[in-house]
Amino acid sequence: MMAAVGAPEVISQLESAAKVLMAPPSMVNTEQRQHAEHIFLSFRKSKSPFAVCKHILETSKVDYVLFQAATAVMEAVVREWILLEKASIESLRTFLLTYVLQRPNLQKYVREQILLAVAVIVKRGSLDKSINCKGIFHEVSQLISSGNPTVQTLACSILTALISEFSSSSKTSNIGLNMEFHGSCKRIFQVRLPFLPLLLPPAPFSSRSFFLPLLFPPAPFSSRSFFLPLLFPPAPFASRSFCLPLLFPPAPFSSRSFFLPLLLPPAPFSSRSFFLPLLFPPAPFSSCSFFLLLLFLLLLFPPFSSVHLTECYALSGLVVVCVCVDTFCACVFVLMCVHVQEDNLRQIFVLTMEVLQEFSRRENLNAQMSSVFQRYLALANQVLSWNFLPPNHILSCVRSVSPLGSLGRHYIAMFESTQNVMLKPTETWREALLDTRVMDLFFTVHIKIREDSDMAQDSLQCLAQLASMHGPIFPDESAQVSYLAHLVEGLLSMINGIEIEDSEAVGISNIISNLISTFPRVILTALPSELFTSFINCLTLLTCSFGRSAALEEVLDKDDMVYMEAYDKLLESWLTLVQDDEHFPRGCFVQPAVQVFNSYIQCHLAAPDGTRNLTVNGVASHEEDEINELQEDDRELFSDQLASIGMLGRIAANHCIPLLTSLLEERVTRLHGQLQRTQQHLMNSSNPGSVDRKVLDDLYEDIHWLILVSGYLLADDPQGETPLIPAEVMEYSINHSTEVDINTTLQILGSPGEKASSIPGCNRTDSVIRLLSAVLRTSEVESRATRASLTELLSPQMGKDIVWFLKRWAKTYLLVDEKLYGQISIPLSTAFGADTEGAQWIVGYLLEKVINNLSVWSSEPELANDTVELLVCLVEKRERANIVVQCENWWNLAKQFASRSPPLDLLSSSVQRTLMKALVLGGFAHMDSDTKQQYWTEVLHPLQQRFLNLINQENFPQICQEESVKREIVATLEALCGIAEATQIDNVASLFSFLMDFLSSCIGLMEVYRNTPETINLIIEVFVEVAHKQICYLGESKSMKLYEVCLTLLQVYSKNNLGRKRADVAAEEDQYQDLLLIMELLTNLLSKEFIDFSDTGVDDEVFRGQEQGSGAAGRSVSAADVVLFGVNIILPLMSQDLLKFPSLCNQYYKLITFICEIFPEKIPQLPEELFKSLMYSLELGMTSMSSEVSQLCLEALSPLAEQCAKTQEKDTPLFIATRHFLKLVFDMLVLQKHNTEITVAAGEALYTLVCLHQAEYQELVESLLATQRDAVIYQRLADAFNKLTASSTPPSMDRKQKVAFLKSLEEFVSNVGGLLCVK
Amino acid sequence: MADPELDFTTGESGASATIPMQCSALRKNGHVVLKGRPCKIVEMSTSKTGKHGHAKVNMVGIDIFTNKKYEDMCPSTHNMDVPHIKRNEFQLLNITDGFMSLMGDNGDVREDLRVPDSDLGKEIEQKFRLARCWVAFCRITEV
């Protein structure tokens, strides 16, 4: 339509539109802007705009219009390719290229866009061979050899444009190419497939950004990988002359600018493409994090459709290329892509080596030379960091294993997601890389340039890559040994010859860490022993020194913690080294471990023993920052470091355990004294604020670290496994057991109130037990201080450390099971074994500690939480619980909690819940039946009694709003949640019946508290918890009871909330929370369909037969009823506003899809209103929510259509609804630009719908064809539709046919998608 | 039931209107008196000064009458006042001159409350005219 108007008018129209678009927001209104956008959009869609565009390009002075013209040409060329004369395409291409060449002053984004158009033409032409790629490259190489920097830059831009075009398919769709193109690519791919091995060298494609989209077999993009060999046949140009100019781009050229134009237009692109908003999200959102996010998504949600995955990778690759890389990388990228063949990569490497060699010989480098040097170094780094993929035949094996390619994809995803690429070159690299001169060169280079921190990073990274070399490149072990020996020698002489700069720390630690993790133990041990020893010594010194520098960084609060990073790396390497140390000479790590351990302790202790908080010149700095609850505790924050140090401590247990003990005992004594002095001071002074906390805080910090290290040394904390006493600790204790006096040991253990050194014979104690008793002494000092009302002076942090340690310790050592160990230490089994006094005493002591903490520290939520966790640890194992329930204290605790009086009622609600959980768990310990009866009478019955007394009072409705009553109710509800949390398979029966009584009463509460949203919320939460923890164990009749009570709950909720208005601000949030909880409840109930541990399988089957036969016979309510009723409640409350809460929206649609998939037979029976709103929800989700949601909705359609087919009733509401959905899905797939990731889901839905409504489908097809006026397009469309259904005529609900349909659909979409987008 | 003050935004009844509660036992969505105003707690977090310091509780509350936002911080061992919040339900009998006749659960009728000057108020009037049966809720607080 645009072409019909005269060119000058078009130009002026476009120019004024551009003016509007570019105007500041204050100048134009939204409508004007939208109108202007619309002008450009329709301009780009206009038919054959070539002449107009040429005219625009030649005459217009407005850059944005030029840009749009280039875009229009690009889109139109692809759109109308088959209708265009080859010659006119060729002339168009020449025109564009000449145009750019003649206008060196074009805006960068315009120039890039025009070149992109050229690239697209070349790419499209390469498909049907209408454009000779060789010709293009000939032209480009001529440009490069012209010697004119501007022209060379241009050449570089052309190459970049080409590469971008070929590398990432999502990019092509962004600029308006359509699926048709991908289809064609795929066809070429299929044709070429047999020649694949010929075209592809074993493992060449690896530039991350480049090959990601290439290697996914099932997706259309895979074809792209075959273009490169096709496009770049082995070097039509001398590689050297070609590379050099590229390496030194004369003018600043940035790949970023390439994307600038995409950023500029405010709307037109985003309306067309789903990807742009993703790529350039409105909020400041770094592309790197986007990339990470994508990777994350991919790892988290593997079952995405293949297309989706590919698309994501393509995208992430794109982001990396486009945004992260700078000028130079872009050039290297071009180079590497041109030289995708491995031979060429090696050639680049050899060439680089030559240049580096040359440079390294020079005495002085001027600034210009060194920048050239740097580029070469970076290039070397790129080559060495090349991710050599496993040979293609391995990948194809993987592919053949999983026909859909999902496994292969995951494999590659895994391969790619490793951040550090290890160097694994093929045999062909032997000559290049095993030459010792290569490594020497890098060491020499590093020494030469190490003052320049940027370059030093590259050279160290090169060395780190060399240190990670492995794989077929080594012909045999001896080659590997001599390579490693040479590397270690070079490394040692480098480290010894220099004083390490800050900027080198991370690089050097990378070399070491790569070396240790890559080379197998046998190779390491095969090193000459002297060399190995000096390496270990050097590593030890380096670790200690980095550790000190890291501590210094912390004091100075530096932003960039390079030494901390380096220290982490080295400690990790130590862990790798010592973890299977039997390969190494015995004891060879003991001395190093002592040194590293000592230095760690030293850095974490205050002066005079340590250097904590000391700056270089010995000045102590001490600042108290405000710390919020989000900040991780040291034990989590430094868990990796502590694990390594703990491991080293075990290696050198002889030294480390006594060291920790004496340091801790000494500090505890000092703490005790200091607290006493402070108490005196407080008694004599009226001003409590005058206490100097500095001394105390220093002691607390020392004790904090000593306890953390002790905890990590003595025990591990494996999730879900039974933790064992570390072998080294056990061995240590056994080795010394002959010198140990067990009675003295027990005496020291049993007297935490006394100074250890005051006990006679205290030197003859078991050190492992002594370390525990040192912690117990700390704990005792703390407890006594609280009794002396000095709580104010204590450190809650230290309190946390103590209970954390005790829990970790108790899990491993308390009631140690001798059967689990080959050899057991007598002191340990005597002190903590089953049926020992020691164990009983410890349990009693721990219990007392817990009780004391809960009453003293109720105001410290984290400490109280760690404390109840210790309690749970004591009772969750039956053996420990048996002892616990024998303690009087336990019963006192239970009674006290049941009486709901201070101090326990001051605890935060989450702590109270966990406490209730612990009390219930304890109730299942072994007791005689009377005792058990009594226990429950004291723990659970008061809860019930108080509750019943309260709610059965006649005036309850009147007093229910009184604060004390409300608190009682809330406490009961919290306790119920705790009881539900304590559910285990062996107690579910009794807990369920106990809780059921409450659940019915809770429904009454729903009525009473209908105007108190926070209480309603808590009541629903109780139901959620019960369903969550118990439903999977419940047999049929019990689940039924639960369903019934949940149904009633929902009924009451809906009665009270429908049509209700609330004026306060929190109303929406309250409602949001209610709905979220209800959906959680429904999902929990539904989960019974997937996870069922109850052993009533037979009954269930019987029951299902009844259900289908005679309706609801025998069972009053089913999960389906509850869930559907729940949905009935949710639907009317689910306002569009609420759906804006993403979590709520997703949960809602997940639920709906679940229902459709699990109970399709229930859907037609729904009440009309509910049915309608369900269908409306589906439609809404399909059309106007996120793609994830629309995928869910599409997935819900197939089961519905199948249900219809099963019943064979026409004119049911469901039948009519599915007809409507047929049209929706049809339009979505055929007419709208849809997101490729939903193609599969939409295809499946379409197929089942087509089966159901064949006639309507024919109508749709015919009416679509009828609108086509262009005969060529008409024919192509008609053919495509025929082909689409050819393999599945007549369509039937048969899996085979469905698969065939899906396959042809993919091609169909590729074929017609583009045609129909032309309007 | 104590006779509730008519003007509830400045209610004052003389009886103990609050009970003390340790900070740690307060909960989100619960109520607390912040800067002398009865508030619903919408945000609660803890912090401490220095690694070995004691916990402090930071609270953000919204005045249940005025919807104004208040913030406060206090050591978690301290007690805060929790207001007695009483929710009563009334049935709307009639609307005369912008005042509502409301009947409580015990049958007492009060006619001292205006129809709120808001969308809600308009809706109450409209629905009342339509159905002549509309349940209104209001909160009376003894502070």
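The model shown is predicted, which means the values in this text are computed figures rather than measured ones. Lettering follows sequence order; numbering is per chain, from 1.
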- Note on the structure: Highest number of heavy-atom pairs under 4.5 Å with chain B among A:Pro861, A:Ala864, A:Ser909 belongs to A:Ser909
- Leading residue by heavy atom contact count with chain B [cutoff under 4.5 Å; candidates A:Pro957, A:Ser795, A:Ser964]: A:Ser795
- Message: So A:Gln631 and B:Lys48, do their side chains get closer than 4.5 Å, heavy atoms only?
- Response: no
- Message: I'd like to check A:Glu1014 versus B:Arg27 (side-chain heavy atoms, cut-off strictly below 4.5 Å). Are they in contact?
- Response: no
- Taking atom CD of A:Glu954 as the centre, does the number of heavy atoms from other residues, nucleotides or ligands within less than 6.0 Å exceed 12? no
- Crowding at CD, B:Glu43 (>12 non-hydrogen neighbours, <6.0 Å): no
About how many Å separate [atom2] of [Y] and [atom1] of [X], when rounded to the nearest 0.5 Å?
X        : Y        : atom1 : atom2 : result
B:Lys51  : A:Met798 : NZ    : CE    : 13.5 Å
B:Lys56  : A:Glu626 : NZ    : CD    : 3.5 Å
B:Cys23  : A:Leu906 : SG    : CG    : 11.0 Å
A:Ser908 : B:Gln22  : OG    : CD    : 10.5 Å
A:Ile627 : B:Thr46  : CD1   : OG1   : 11.0 Å

With only heavy atoms counted, which part of [X] is less than 4.5 Å from chain B, the side chain, the backbone, both or neither?
X         : value
A:Leu794  : backbone
A:Asp634  : side chain
A:Gln1073 : side chain
A:Leu1018 : side chain

- Message: Is the ring pair A:Trp857/B:His54 parallel, tilted or perpendicular, if the boundaries are 30 and 60 degrees?
- Response: tilted
- Task: Check whether B:His31 gets within reach of chain A through its side chain, its backbone, both or neither, counting any heavy atom under 4.5 Å.
- Result: side chain
- Measure B:Val82 against the heavy atoms of chain A and call it side chain, backbone, both or neither at under 4.5 Å. side chain
- Message: Determine whether a donor-acceptor pair (N or O, by modelled atom type, separation under 3.5 Å) exists between the side chain of B:Thr77 and the backbone of A:Ser859.
- Response: no
- Correct closest heavy-atom pair for B:His52 and A:Pro796 would be O-CD, 3.6 Å
